[in-house]
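Starting from 1, each residue takes its place in the sequence as its number.
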Amino acid sequence: MKKKLYLLLITLLTLSINNSFCQITILSGPEKTSYHQFAEDMVKVLGDKEGIELINKSTDGSAASFEQLIDPAKEGKMAFIQSDYFGIKKAEDLMNDTHKTDSIIVLMPMAKEQMHIFTRKSNGITKLEDLNQKRLAVGTKDQSTFYTAQIIQKRSKIDWYANELNYSDMLRKVASGNIEAAFIIGSSPLQLLDIDPQIMVDEIVLVEITDFNGWAEEYERDVISAGEYRWLDKDIPTFSIRSLLLVNRNKLTDADKKIIENIKTGIATNIEYLKEVGHPKWNTVEIPSNN
């Protein structure tokens, strides 16, 4: 009897160890952001449909996720990263003769992320140019929005006052008048801006984002449509950026590599279901033709 119990315990321990090695952690970003929601969708759908065990680990933002992804001592092997931020890091490698991105591969492009600039209606800010000499929250250095804001400001030559501020504090600071507007990038609708219009003291509005001075030549024209937010009653022109699902191949075991391929195949196989039950911007995910 003791021998049977011993063998049973050994079997359970072996299964537990094997399962722990088969887990893949996705570095997703702050809670209530689109990255986090996309990762949650993957955890649920790929777990239920394909038996793939994923762990959604929140981070302070794309930049923070990237630093964890390239750090061999950190657990994250996969991350959602904004495409223009990844471009910045690759350019830095070229300029500085560093190799931070050498082992990073794009597993697949993901959803479009829309540029959102929101303000109080009473501020009278309706277009990007109106931000001149205004205080604009731009995220923190852990968030790729911070770096995109720098690109836009440099190219557009709009002289706003950049305020480093976490996403979670933006709405409160705009509503209180501490800053005039806030900039955030994510697949609409953002949970952060899902506000009941009935409780608004001063109406929140989105600023129209258009191109001038050629600042947007590397970005894709897009629209945040009326009704995507309960308080949005008209279409807002903007630009979007692709999110990327990145993997650090230097961190992958042979077992990990099989799981990574299964994740890629699983997304392609279940894309219609993900569109049905997941974040609305799964509809913008383009499955590569080699899947």
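- Taking CD of Q114 as the reference point, atom CD of E220 lies at 9.5 Å (rounded to 0.5 Å).
- Using modelled atom types, one finds a donor on one side chain and an acceptor on the other under 3.5 Å when comparing N56 with E40.
- For the pair R120 (side chain) and I125 (backbone), a donor-acceptor distance under 3.5 Å is absent.
- Under 4.0 Å is where a charged nitrogen must lie from a carboxylate oxygen, and between E92 and K100 no such pair does.
- Residue I26 comes nearest to A39 through the heavy atom pair CG2-CB, 4.4 Å, listed as atom of the first residue, atom of the second, then distance.
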> Do R155 and I151 pass the side chain to side chain contact (heavy atoms under 4.5 Å, CB included) test, and can you show the C-alpha distance, the side-chain angles, and the key distance before you say yes or no?
Replying inline: CA-CA 6 Å; R155 292 178 180 173; I151 292 171; 3.5 Å; yes
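- The closest side-chain donor-acceptor pair between E50 and N262, if any, does not fall under 3.5 angstrom.
- Side-chain contact annotation: N178 with S176, donor-acceptor N/O pair under 3.5 Å present.
- Scanning all heavy atoms of the two residues, the minimum distance from I236 to E208 falls at CG2-CA, 4.0 Å.
- None of N250, T253, D256, N248 except one satisfies the side-chain hydrogen bond (donor to acceptor under 3.5 Å, both in side chains) rule with K77; the exception is D256.
- Residues K44 and D41 are not in side-chain contact: their nearest non-hydrogen atoms beyond the backbone lie 4.5 Å or more apart.
- Separation of atoms CG (L206) and CG (D235) is listed at 11.0 Å; rounding is to 0.5 Å.
- In this structure the side chain of I263 reaches within 4.5 angstrom of the side chain of M78, judged on heavy atoms.
- Side-chain atoms of D159 and Q133 include a donor-acceptor pair closer than 3.5 Å.
- Between R172 and D169, at least one side-chain N (NZ, or NE/NH1/NH2) sits under 4.0 Å from a carboxylate O, which counts as a salt bridge.
- Side-chain atoms of T59 and Q68 form no donor-acceptor pair, as typed in the model, at a separation below 3.5 Å.
- Within the 4.5 Å cutoff, the side chain of M42 has no heavy atoms near those of the I24 side chain.
- The aromatic rings of Y85 and F66 stand perpendicular to each other, their planes meeting at an angle above 60°, with 30° marking the opposite boundary.
- The CD1 atom of I195 sits 5.5 Å away from atom CD1 of I204, with the distance rounded to the nearest 0.5 Å.
- Contact check for D194 versus R230: side-chain heavy atoms found under the 4.5 Å cut-off.
- Taking a 6.0 Å sphere around NZ of K173, one finds it holds 12 or fewer heavy atoms contributed by other residues, nucleotides or ligands.
- Neither side chain, D84 nor Y147, offers a donor N or O lying under 3.5 Å from an acceptor on the other.
- Using cut-offs of 30° and 60° for the angle between ring planes, the F80 and Y35 rings count as parallel.
- Of the N and O atoms on the side chains of S188 and K281, at least one donor lies less than 3.5 Å from an acceptor on the other residue.
- Rounding to the nearest 0.5 Å gives a distance of 10.0 Å between CE of M108 and CZ of R242.
- By the 4.5 Å heavy-atom criterion applied to side chains, L192 and M170 are not counted as neighbours.
- Under the 3.5 Å distance criterion, the side-chain polar atoms of N270 are matched with a main-chain donor or acceptor of G266.
- Across every non-hydrogen atom of F118 and L171, the tightest pair is CE1-CD1, 3.8 Å.
- Using a 30° and 60° split on the angle between ring planes, Y229 and W231 fall in the parallel class, below 30°.
- Side-chain contact between K127 and D130 is present, with heavy atoms from C-beta onward closer than 4.5 Å.
- Side-chain contact between E53 and I259 is absent, with no heavy-atom pair separated by less than 4.5 Å.
- W160 has its ring centre no less than 6.0 Å from the ring centre of F183.
- Atom OH of Y273 has 12 or fewer heavy atoms from other residues, nucleotides or ligands within 6.0 Å.
- Between K264 and E261, none of the side-chain N atoms (NZ, or NE/NH1/NH2) sits under 4.0 Å from a carboxylate O, so this pair counts as no salt bridge.
- More than 12 heavy atoms of other residues, nucleotides or ligands sit less than 6.0 Å from atom NZ of K251.
- N163 contributes no side-chain N or O that, together with a main-chain N or O of R135, makes up a donor-acceptor pair within less than 3.5 Å.
- Two residues are said to be in side-chain contact when any heavy atoms from C-beta on lie closer than 4.5 Å; T145 and Y167 meet this criterion.
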